[in-house]
Number of protein chains: 2
Amino acid sequence: MPQNGRGQAKRLSVLPGPHVPCVECAIRNSALFRPVSEEHLDWTQGYRAAQMRLPAQAHLYREGDSPEYCWTLYDGWVKLYKTLVTGKRQILRFAMAGDFLGFQPDLQGPMGHAAQALTDCTLCAFPRARLGELFQARPEVATQFAWMAARDMRLCQEHLAGMGKKSARERIAYLLLEICHRQRQIARATGRLAPGQRVPVPITQEDIADAVGLTPVHVSRTLSQMRAERLIACAKGEVFIMNEEALTEIAEFDPRLIEARPLL
Amino acid sequence: MPQNGRGQAKRLSVLPGPHVPCVECAIRNSALFRPVSEEHLDWTQGYRAAQMRLPAQAHLYREGDSPEYCWTLYDGWVKLYKTLVTGKRQILRFAMAGDFLGFQPDLQGPMGHAAQALTDCTLCAFPRARLGELFQARPEVATQFAWMAARDMRLCQEHLAGMGKKSARERIAYLLLEICHRQRQIARATGRLAPGQRVPVPITQEDIADAVGLTPVHVSRTLSQMRAERLIACAKGEVFIMNEEALTEIAEFDPRLIEARPLL
DNA sequence: CGTTCTGTTGACCACGTTCAATCAGTGTGG
DNA sequence: CCACACTGATTGAACGTGGTCAACAGAACG
């Protein structure tokens with residue numbers, strides 16, 4: 001599990017990582033190579049250029065970059081965000097173990113958003129230029145990508161609907177529940193047991209604000225109120241969900257959103 | 001080109017459509033079968049269960065439905081929207097010619113949003129149950145789907161960022177420009193010439209409001225002001241963009257968003 | 001110890017909402 | 001043919017959610 005990485009900003013950039021072979025990958029069940037049979041796995045692993053470590057606070061890529069790779073996030077949290085010309089930031093998504101990062105329609109072109117590590121991360125890098133080739137050679141990978149893209153699209157659409165139509169309170173409740181359920185889902189898929197209701201959340205209130213479209217000030221107020229109502233409890237870098245039922249009702253959150261079954 | 005279909009609501013449901021073979025398909029350049037070679041096209045056409053017509057105002061599917069098909073939109077406009085328990089609606093996307101509709105992570109499960117025709121539409125239906133098979137048999141189709149999904153995801157993310165961080169004026173300007181540019185892109189891809197700045201827009205102010213997260217009242221006010229500033233002009237079911245440059249600046253719109261190049 | 005970063009609280013303000021009345025266009029039925 | 005209903009757009013007035021500005025507190029860190 002990723003430790004809370006705030007304030008640990010090492011000023012080093014990308015580091016070489018461990019070399020876990022795909023066959024032993026703990027998160028393969030929720031990642032791009034899930035449907036690849038063991039006999040083909042050595043071969044597809046050839047597309048993995050490297051495993052690398054990214055320290056907390058470091059950028060995987062910035063808006064406008066044309067990075068050489070796409071990545072599977074092996075461990076840790078990453079935030080994807082856009083910056084408008086006014087300087088305002090919008091967090092699009094919190095990426096977690098298993099998520100595939102850096103793919104976009106124009107593979108040569110510049111990224112439309114930035115990706116920054118929230119905790120120390122481990123990633124597997126795949127050369128962008130060879131992705132088309134990989135999809136052609138192993139259609140089950142392309143199909144898994146399609147499935148993952150559809151899943152991410154649905155999250156994005158729910159997020160969008162929330163921004164348009166929900167109150168501050170509802171949006172924040174929704175975000176907390178979404179994060180909590182996705183963490184549990186990962187714990188399930190990787191065989192690790194979820195430690196009760198307890199969810200370490202390595203994000204600041206400013207991150208929450210940028211994700212749900214509010215100001216940090218108003219997020220603070222709303223969280224204070226939720227604490228007063230015993231809906232949640234906060235410790236440093238952690239949020240405990242005290243009353244999941246009530247929160248689910250407030251947020252209009254449907255847990256089935258997170259439990260989708262793979263295509264293949 | 002789709003005619004303005006408002007008020008033409010025929011009370012018939014789905015109708016059988018024309019039978020254009022895929023080889024002659026006018027929009028193949030921007031649709032799922034784009035990368036399929038002509039020699040394979042007859043074969044992939046076997047996955048197309050039917051062509052059908054959908055009258056304006058009719059629903060292709062509703063939230064919670066588990067339709068038997070996915071569709072390529074051949075002609076016309078469709079709006080995709082979610083309804084919250086409070087009754088508020090959020091339009092996720094205006095689908096136009098070439099868009100692939102109805103795909104979601106859990107192909108057996110219920111749709112997370114509804115799709116309703118804005119104009120009379122023509123669609124090509126593909127059985128959901130056979131999509132995995134199609135992707136396996138023709139990886140270039142899976143790859144094209146991946147590309148289209150990434151393109152749609154980017155639109156959704158831009159939309160999301162706008163909802164979080166832009167003013168009413170900026171969001172409306174953005175929506176108008178996005179629609180205009182996508183229409184032009186389709187005109188280019190299908191070889192039809194775009195008729196100047198003129199864009200027939202078969203949507204009501206209420207649709208605009210539901211798309212950008214405002215009330216119809218405030219949309220009316222904002223459009224009135226934009227008309228007063230000669231940024232746009234309105235006729236019945238049409239919007240003319242009078243000052244695209246100014247509008248682009250207001251919206252912080254990047255035309256390159258729409259012009260992405262295919263993966264294969 | 002100062003500095004920096006994150007969170008908290010207060011006072012005031014504004015963008016967009018809500019409620020309401022009115023109008024134009026369109027289709028319907030007597 | 002006209003009265004009527006219905007939908008979409010427009011405008012006005014009052015209101016409220018959340019933003020802005022500001023001061024401050026606590027923790028982490030050099």
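Chain A is the first sequence line, chain B the second, and so forth, proteins listed ahead of strands; every chain is numbered from 1.
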Seminar exercise, completed: Closest to the side chain of A/Lys88, out of D/dT20, D/dG8, C/dT6, is D/dT20

Without decimals, in angstroms, what is the distance between [X] [atom1] and [N] [atom2]?
X: A/Ile208; N: D/dG18; atom1: CD1; atom2: P; value: 16 Å
X: B/Ile172; N: D/dA9; atom1: CD1; atom2: C1'; value: 14 Å
X: B/Arg171; N: C/dC15; atom1: CZ; atom2: P; value: 13 Å
X: B/Arg169; N: C/dA14; atom1: CZ; atom2: P; value: 18 Å
X: A/Gln57; N: D/dA28; atom1: CD; atom2: C1'; value: 13 Å

Exercise. How are the rings of A/Tyr174 and A/Phe253 set relative to one another: parallel (under 30°), tilted (30 to 60°) or perpendicular (over 60°)?
Worked result: perpendicular

Exercise. Parallel, tilted or perpendicular for A/Tyr81 and A/His59, by the 30°/60° rule?
Worked result: perpendicular

Exercise. Going by number, which of residues 213-232 of chain A have a non-hydrogen atom under 4.0 Å from DNA chain D?
Worked result: A/Gly213, A/Leu214, A/Thr215, A/Val217, A/His218, A/Arg221

Problem set entry | Residue-level proximity of residues 159-168 of chain B to DNA chain D when a heavy atom falls under 4.0 Å | none

Problem set entry | Residues A/Asp99 and A/Arg151 bridged, charged N to O under 4.0 Å | yes

Exercise. Does A/Arg184 pair with A/Glu244 as a salt bridge, N-O distance under 4.0 Å?
Worked result: yes

Problem set entry | For the student: nearest non-hydrogen atoms of A/Ala211 and A/Leu175, plus distance | CB-CD2, 4.2 Å

Problem set entry | Under 3.5 Å: donor-acceptor pair, side chain of A/Arg93, backbone of A/Leu155 | no

Exercise. With side chains defined as the heavy atoms from C-beta onward, is the minimum distance between A/Lys82 and B/Glu158 less than 4.5 Å?
Worked result: yes

Problem set entry | Within-4.5 Å side-chain heavy-atom neighbours: B/Arg230 and B/Asn243 | no

For this session: Please determine if a side-chain N or O atom of B/Gln205 lies less than 4.0 Å away from the OP1 or OP2 oxygen of D/dT7.
Result: no

